[in-house]
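Take a look at the structure below.
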Amino acid sequence: MTDNIKTYLLFAAVFLLIVITGFIQSWNSALFILNMGLISAVMSLGVNLQWGIAGLLNVGIMGFVGLGGLATVLISMQPVPEAWNAGGPRILAGLLFGVLTITLSVWVYKKIKNTRWRFISILIFLVCSFFVYKSILTPGVVAVEAVNPAATGYLGGLGLPVLLAWPVGGLMAAGAAWIIGKTALGLRSDYLAIATLGISEIIIAILRNEDWMTRGVKNVAGIPRPVPYEIDLQASENFVNRAASFGLDPTTASTLFVKIAYAGLFGLVLFVLVWLSQRALNSPWGRMMRAIRDNETAAQAMGKDIKSRHLQIFILGSAVCGIAGAMMTTLDAQLTPGAYQPLRFTFLIWVMVIVGGSGSNLGSILGGFLVWFLWVQVEPIGYWLVDLITAPMDPESPVRLHLLDSVAQMRLLTMGLFLLLMLRFYPRGMIPEK
Amino acid sequence: MEFLHAVIVLSNFVIIPAITYGSQLALGALGVTLVYGILRFSNFAHGDTMAFGTMVAILFTWWFQSIGVSIAPLPTALLALPIAIVLTALLLLGTDRVVLRFYRKQKSAPVILLIVSLGIMFVYNGLVRFIIGVGDQRFSDGSRFIISARDFKKLTGLDEGLAIKTTQVITVITAVVVVALLFWFLNRTRTGKSMRAFSDNEDLALLSGINPERVVFYTWLIVAALATIAGTLYGLDKSFKPFVYFQLLLPIFAAAIVGGLGNPLGAIAGGFLIAFSEVFITYAWKKVLTYTLPEQFAPSGLMQLLATEYKFAVSFAILLVVLLFKPTGLFKGKSL
């Protein structure tokens, strides 16, 4: 019972922090923190599935989040017919050829038993196919990227409703997780960590460089929204009157309304995922997972297939991260491949999970909100603090100016300290696993 | 003549840069592998340790430059290197005392220590960015080339130039000296032997009266030296940017794992393997092929296998292949 009260109090406290932000700074920034907090909570829920429940160390969250973002573009943007005519089929053929090559080499690998011949034949086959692949793909890519590069220069998406991108983002992340899991699971935990770190860097490199797909660093802007646009709201008589009855001017009211609508959508997703995770955690399946985590040998002796259970939960957790990534890109309404940084999208999520309490779903949600709040607010607080401390100095003193300049970097330091302190004194997190 | 030209182009753009980069990776991977072998965890903070060491070296380089101390034609940074190593060692020993010792005493699982190292990574990263900022810093001074492309052409009368940068030579010489010293230390001195014994079998080492805290102390000292030297050499050769150092973590880990984690010799081999593959695969082979192939086969494209941005994919692919077929690495590493 006291545990429950503590949980409520902690959530109330975080909620209060956001409300205070609303009063002191503005409701727009408070809602921004709330929305990103919801997305962060989904991400840390996914990581908690992998780490907290199954003990799998995934440090490639950024990659799965990026795939979710890619899904948003591929699903919701309008297709570019000129680009499709210029090189679409060629690119598709190239990609198909790539998939066939890999399938064939896996088949050859299984067929030939002699290790040396297997290695040599697959190597020669892969090298040759790589050149064929490039010769099919490159002309298509060049043609597509030449189509009006300032505005499009890519194939565009399917023009479907953007909400569809959320499950698709999850599926794409799940597919990537399947490939990684097939190769790196079953090895030592460190290897999985390095493998996921590597794959996430590669995924982001693809997002940044394959302009025909994502426009690369030129960004895809103007991704359709699942909620109304501010401009339309301000033009609607009904809405303006409503806003006036709350004593708000139409501009503020419309931005608030849009953010609240997003918060509703994200909250719904989070709620469903939490409900599912809680059910899973308390089901026989969840008990089995925890048993595997706590003692693999014993679980194996009981006839549990550890490798495929690990693969299963690794895919599930990554899919949740993919959904969160798609939600985030939808909120931003643009895909900015240059903005994916591992410290922000991988390691910060880890801080959330550890701080909240690994193995506890509610804990990771709390961690998501709290750490995100700190991540946003450390900068203004730090600025204020540095300003206060260095106030006696000469206002033009280079030390003071440098410190005020570097305040933005304080957040990394703070997060690191926060993580270390939690690990040292509350290793089970704020809401420990029961 | 054509063939000679091809060889020169190849050396200039592939072999020499790859040897330099390989030396830097090898030094980095040695640090990772030592921590793994002796302290028994994967240290994710290594890239940022390198960044910290380099930052200190840069700050002292600037100070020396401002008071007019220089060892031209060598870069001033070499003079700052010892100071940087001492300060980095202090930082690492302090971190060990305040953070890591607790978990060692508790005999925490390696994976917990890995997560702790993530926290340390954050702190170091923040510290470096806080002190020196996120921007690009160039701090190489002294003479830039041992032999520039133009001098080489004049000297030999050939059409292709071979440029050898001072930093490249310094990198290779320093790496050889450091590695020789390290192996001498590990194989010949009493402390080195006790470190290896501790790495092979902790319980037996403790039973034979080896003081674990002493072993840990020397390990951090060596790791600080390796990380600072690797980072400073990399920064001299290219430039210093905190985020790039963080990203070096991937090739460094790949090198250490490919060679076999915990095996110093493997780390060196892995470093060169990763460096050569990265440079080979991202290099545009057009010029070399034009020189070597008969005229009618001369390539029209750049003949670049992968864009430079995908160099991470190379280290990753090698890592994956090794993990799949030889999980303990090419040289026998240890597994926890």
Side-chain angles (χ1 to χ4, degrees), chain A residues 51 55 57 59 115 119 127 130-131 134-135 138 180 183-184 186-191 193-195 197-199 201-202 204-206 208-210 216 341-343 346-348 350-351 353-354 358 402-403 405-424 427, chain B residues 36 41-42 44-45 95 98-99 102-103 106 108-112 114-116 118-134 242-243 246-247 249-251 253-254 256-257 261 301 305-313 315-317 319-321 323-325 327 335-336:
Chain A
W51 166 246
L57 199 64
V59 282
T115 346
F119 181 72
V127 170
F130 182 76
F131 284 103
K134 280 213 91 161
S135 66
T138 314
I180 305 165
T183 48
L187 295 168
R188 291 206 317 258
S189 53
D190 310 54
Y191 285 175
I194 308 286
L197 185 72
I199 203 93
E201 291 286 353
I202 292 175
I204 300 304
I206 291 175
R208 278 186 200 156
N209 293 301
E210 298 303 317
Q341 303 286 350
L343 281 172
T346 296
F347 297 110
L348 191 67
W350 269 95
V351 179
V353 174
I354 303 284
S358 33
H402 176 81
L403 284 177
D405 235 21
S406 328
V407 153
Q409 315 303 337
M410 285 254 290
R411 41 164 66 156
L412 293 169
L413 206 67
T414 322
M415 287 305 137
L417 284 179
F418 196 27
L419 177 65
L420 289 176
L421 288 175
M422 283 305 287
L423 273 171
R424 175 76 157 78
Chain B
Y36 189 85
F41 71 98
S42 306
F44 270 68
T95 312
V98 178
V99 183
F102 170 78
Y103 299 95
Q106 295 232 314
S108 298
V111 75
I112 299 294
L114 196 162
I115 295 175
V116 173
L118 294 183
I120 298 173
M121 177 191 86
F122 259 107
V123 174
Y124 286 3
N125 201 306
L127 213 58
V128 171
R129 290 177 186 216
F130 195 74
I131 296 176
I132 204 165
V134 291
F243 183 63
F246 168 78
Q247 283 191 318
L249 202 60
L250 188 65
F253 261 103
I257 293 179
L261 265 177
L305 291 176
L306 276 178
T308 327
E309 290 83 0
Y310 287 122
K311 59 178 189 219
F312 293 118
S315 32
F316 180 72
L319 177 69
L320 216 58
V321 170
L323 283 186
L324 282 177
F325 300 105
S335 56
L336 290 182

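A note on names: the letters A, B, ... follow the listed sequences, proteins ahead of strands, and every chain is numbered from 1.
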Next item on the list: Run the numbers on Arg129(B) and Asn125(B) for side-chain contact (heavy atoms from CB on, under 4.5 Å), then give the verdict.
Entry: CA-CA 6 Å; Arg129(B) 290 177 186 216; Asn125(B) 201 306; 2.7 Å; yes
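- Heavy atoms closer than 4.5 Å to chain A are found in the side chain of Phe102(B), but not in its backbone.
- Heavy-atom distances place both the backbone and the side chain of Leu413(A) under 4.5 Å from chain B.
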- Item | Pair Met121(B)-Leu343(A), side-chain contact (heavy atoms from CB on, under 4.5 Å): steps then yes or no | CA-CA 10 Å; Met121(B) 177 191 86; Leu343(A) 281 172; 3.6 Å; yes
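- Ranked by non-hydrogen atom pairs under 4.5 Å with chain B, the options Ala193(A), Gly55(A), Gly416(A) are led by Gly416(A).
- Of the atoms belonging to Phe316(B), it is side-chain heavy atoms, and not backbone ones, that fall under 4.5 Å from chain A.
- For the pair Glu201(A)/Pro342(A), a side-chain contact is recorded, criterion being any heavy-atom separation below 4.5 Å from C-beta on.
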Report the C-alpha distance between Phe246(B) and Phe347(A) in whole Å, list the side-chain angles of each, state the deciding distance to 0.1 Å, and finish with yes or no for side-chain contact (heavy atoms from CB on, under 4.5 Å). CA-CA 12 Å; Phe246(B) 168 78; Phe347(A) 297 110; 3.4 Å; yes
Q.
Using the rule given for side-chain contact (heavy atoms from CB on, under 4.5 Å), can you reason through Leu197(A) versus Phe44(B), listing the C-alpha separation, both sets of side-chain angles and the distance that settles it, and then say yes or no?
A. CA-CA 11 Å; Leu197(A) 185 72; Phe44(B) 270 68; 4.1 Å; yes
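- If you measure heavy-atom distances from Ala307(B) to chain A, you find no contacts under 4.5 Å at all.
- Chosen from Arg208(A), Gln409(A), Lys134(A), the residue pairing most often with chain B at heavy-atom distances under 4.5 Å is Gln409(A).
- For chain A, the nearby part of Gln247(B) is the side chain; its heavy atoms alone come within less than 4.5 Å.
- The closest donor-acceptor contact from the side chain of His402(A) to the backbone of Ile132(B) lies at 3.5 Å or more, if one exists at all.
- There is no contact between Phe418(A) and chain B, counting heavy-atom distances below 4.5 Å.
- Chosen from Val134(B), Val99(B), Val111(B), the residue pairing most often with chain A at heavy-atom distances under 4.5 Å is Val111(B).
- Looking only at distances, no side-chain donor or acceptor of Thr138(A) sits under 3.5 Å from a matching main-chain atom of Ser135(A).
- Between Ala195(A) and Ala184(A), the shortest heavy-atom distance links the atoms CB-CB, 3.8 Å.
- Side-chain contact between Leu261(B) and Tyr191(A) is present, with heavy atoms from C-beta onward closer than 4.5 Å.
- Of the two parts of Leu127(B), the backbone and the side chain both hold a non-hydrogen atom closer than 4.5 Å to a non-hydrogen atom of chain A.
- Proximity to chain A (any heavy atom under 4.5 Å) is shown, for Ile120(B), by both the backbone and the side chain.
- Looking at Leu57(A), only its side chain comes within 4.5 Å of chain B, counting heavy atoms on both sides.
- Residue Phe130(A) touches chain B through its side chain alone, counting heavy-atom pairs closer than 4.5 Å.
- Chosen from Leu417(A), Thr183(A), Ile194(A), the residue pairing most often with chain B at heavy-atom distances under 4.5 Å is Ile194(A).
- With hydrogens and angles ignored, the 3.5 Å screen pairs a side-chain donor or acceptor of Tyr103(B) with a backbone N or O of Arg424(A).
- For chain B, the option among Ile354(A), Ile199(A), Val59(A), Val351(A) with the highest count of heavy-atom pairs below 4.5 Å is Ile199(A).
- For Ile206(A), the parts lying under 4.5 angstrom from a heavy atom of chain B are both the backbone and the side chain.
- At least one side-chain heavy atom of Ile115(B) sits less than 4.5 Å from a side-chain heavy atom of Trp51(A).
- Contacts between Leu319(B) and chain A at a heavy-atom distance below 4.5 Å involve the side chain alone, from C-beta outward.
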